[in-house]
Amino acid sequence: LAQPRTVNAARLHASLADLAQIGATEGGGVTRLALSDEDRQARDLLCDWLRQAGLIPKCDDLGNISAVRAGREQGPPVLLGSHIDTVVRGGRFDGALGVLAALETLRTLDDLGIETRRPVGLVSWTNEEGVRFEPAMTSSGVVAGRFTAAYVHDRRDRNDHRFGDELRRIGYLGDPANRPSAAAYLELHIEQGPVLESLGLAAGAVGGIVGITWNEVTITGQADHAGPTPMPLRRDALTASAEIILGVERLARERDETAVATVGRISAQPNVINTIPGTVTFSVDFRHADPAVLEELVARLRALVDEVARRRSVIANVDRFWTSEPTPFDPGVLGAIRDAGAALGIELSELWSGAGHDAKYLAEICPAGMIFVRSRGGLSHCEAEFSDPADIEVGANLLLNTALALAEVA
Ligand SMILES: [Zn+2]
């Protein structure tokens, strides 16, 4: 193995702190919604930093910003990146870490005078979060061929502002010719979950992004007066739903330790104090790395719903309305991350991401992978989001050395 290189951690922490000033909230977090004035300021700063590093920032028709450090050979770069938009009152590290660790990687390559065979690039994807403009990950999605630019430009926020108009307003509507290409894609990100913390590890190699399937369950009983109707004669849609909801929790717990199931949304009709609920609808979100397990969980949900409905004389319907297939990351990229960990003397866990990332779409067009760093308390998308500076340094060093392996040091 080649001698591992290390980043300038102090410079990386300083850049993270500088970027976190833009959209800073009183609670120590960041609100930097996609295509807002804060997003523009953050983009301006990123482009300044890229120019100071001797690179030429390019902007495509989705506002994706990229820059490439030349290698000995022409061709698509080993692309490193993430996003700089945030949720409302989000944290300082979600997204920003991946972009600024990519910048730090490029700065370090210059500091050390390293020549690579393949070019190494940075990308900052527009609108990863999907908070202002749904859906999420629009702009990596266009590059991967999932959406058209016209579709994305027509997304509207709650104030009816168009994505395309806002992109032009902040001065980042660029040229389709500037869409980034990639020989491989690597994203450093905070874990946004408690697994690494529970294992006592600073970082992990991400095996892939779990599959998600969303269902809407509707239970129809009979609305009736809460007083005169004896218990045995009721067809209560809410008590039937309560049994099913507890059963959904059991389905995941009994399947295996990685399966998760969530009922996050429920509405009861007529939702008044002295009427037996007549109709209830609720959502069921299942996530797992194995598509066969997702199918099994949905089948068990249907069986559970049928059994409860029959016993309680209610009518039930399960509508499975959306599925995102699991995305395993490239074994070669995973291997390069593991090798970088070994060379740096860092113990790594392999874990799957329960949340979506731009790397999911990049995995459809090139070998892709992700590195996670520990999130304190597993928290993210909130002001309390925090990753220890030492963990961030570990993650950045993993990114640097994995990138060097993929780009092949001359
Ligand atoms: Zn993110």
Side-chain angles (χ1 to χ4, degrees), residues 5 7-8 11-12 14-16 18-19 22 32 34-35 38-85 95-128 139-140 142-144 149 164 167-188 358 362 365-366 368 396 399-400 403-404 406-410:
R5 315 305 217 285
V7 300
N8 180 337
R11 182 172 56 193
L12 172 58
S15 295
L16 281 163
D18 287 347
L19 187 63
I22 302 173
R32 199 164 51 229
L35 313 187
E38 291 79 17
D39 188 9
R40 164 169 45 193
Q41 262 184 278
R43 288 161 179 270
D44 291 349
L45 180 59
L46 176 63
C47 289
D48 282 347
W49 279 333
L50 288 167
R51 285 188 204 98
Q52 284 161 21
L55 300 163
I56 301 165
K58 290 186 171 176
C59 180
D60 70 15
D61 53 332
L62 288 312
N64 297 318
I65 294 169
S66 61
V68 174
R69 181 181 186 270
R72 271 187 300 119
E73 296 178 7
Q74 302 276 323
V78 172
L79 192 63
L80 318 174
S82 194
H83 60 96
I84 57 173
D85 66 320
L97 174 61
V99 174
L100 295 186
L103 176 65
E104 179 53 38
T105 294
L106 296 175
R107 288 166 164 172
T108 299
L109 295 183
D110 278 350
D111 288 351
L112 302 180
I114 293 173
E115 188 180 55
T116 54
R117 183 173 75 79
R118 286 174 165 155
V120 180
L122 170 152
V123 65
S124 179
W125 301 109
T126 299
N127 189 45
E128 190 274 346
S139 310
S140 56
V142 172
V143 169
L167 188 56
R168 188 191 310 272
R169 183 186 68 83
I170 67 165
Y172 281 89
L173 175 60
D175 188 334
N178 288 337
R179 289 190 195 165
S181 62
Y185 178 73
L186 200 53
E187 182 165 351
L188 176 66
D358 292 305
L362 270 290
I365 55 170
C366 70
L399 182 76
L400 168 66
L404 282 173
L406 296 173
E408 298 176 37
V409 180

Non-hydrogen atoms of S124 and L46 that approach each other most closely: CB-CD2, 3.7 Å
Under the side chain to side chain contact (heavy atoms under 4.5 Å, CB included) test, residues paired with R168 that sit two or more places apart: L173
Exercise: identify the closest heavy-atom pair between I170 and D39: CD1-OD2, 4.5 Å
Residue pair C47 / Y172, side-chain heavy-atom distance below 4.5 Å: yes
Taking every non-hydrogen atom, the tightest pair across P57 and I65: CB-CG2, 4.4 Å
Main-chain N/O of N178 paired to D175 side chain as donor or acceptor, under 3.5 Å: no
Spacing of L55 atom CG and L103 atom CG [to the nearest 0.5 Å]: 8.0 Å
Pairwise side-chain contact, R5 with L112, heavy-atom cut-off 4.5 Å (strictly under): yes
Backbone of G81 reached by a side-chain donor or acceptor of Y185 within 3.5 Å: yes
Nearest non-hydrogen partners of L79 and S181, listed with the distance: CD2-O, 3.9 Å
Test item: E104 side-chain N/O and N8 main-chain N/O as donor-acceptor pair under 3.5 Å: yes
Check: R179/S139 side-chain N/O donor and acceptor closer than 3.5 Å: no
Under 3.5 Å: donor-acceptor pair, side chain of N64, backbone of T126: yes
Salt-bridge present (R107, D111; N to O < 4.0 Å): no
Residues R69 and D110 bridged, charged N to O under 4.0 Å: yes
Non-hydrogen side-chain atoms of V123 and L80 separated by less than 4.5 Å: no
Basic-acidic side-chain contact under 4.0 Å: R11, D18: no
R32/E38 salt bridge by N-O under 4.0 Å criterion: no
Among S66, S140, S82, the one residue meeting side-chain contact (heavy atoms from CB on, under 4.5 Å) with W125: S140
CG-CD1 distance between L50 and I56, expressed to the nearest 0.5 angstrom: 10.5 Å
Residues E73, R118: salt bridge by 4.0 Å N-O rule: no
For the student: nearest non-hydrogen atoms of P180 and V143, plus distance: O-CG1, 3.8 Å
Contact summary for T108 and V7, nearest pair of heavy atoms: OG1-CA, 3.6 Å
Value rounded to 0.5 Å, distance of CG in L109 from CG in L404: 5.5 Å
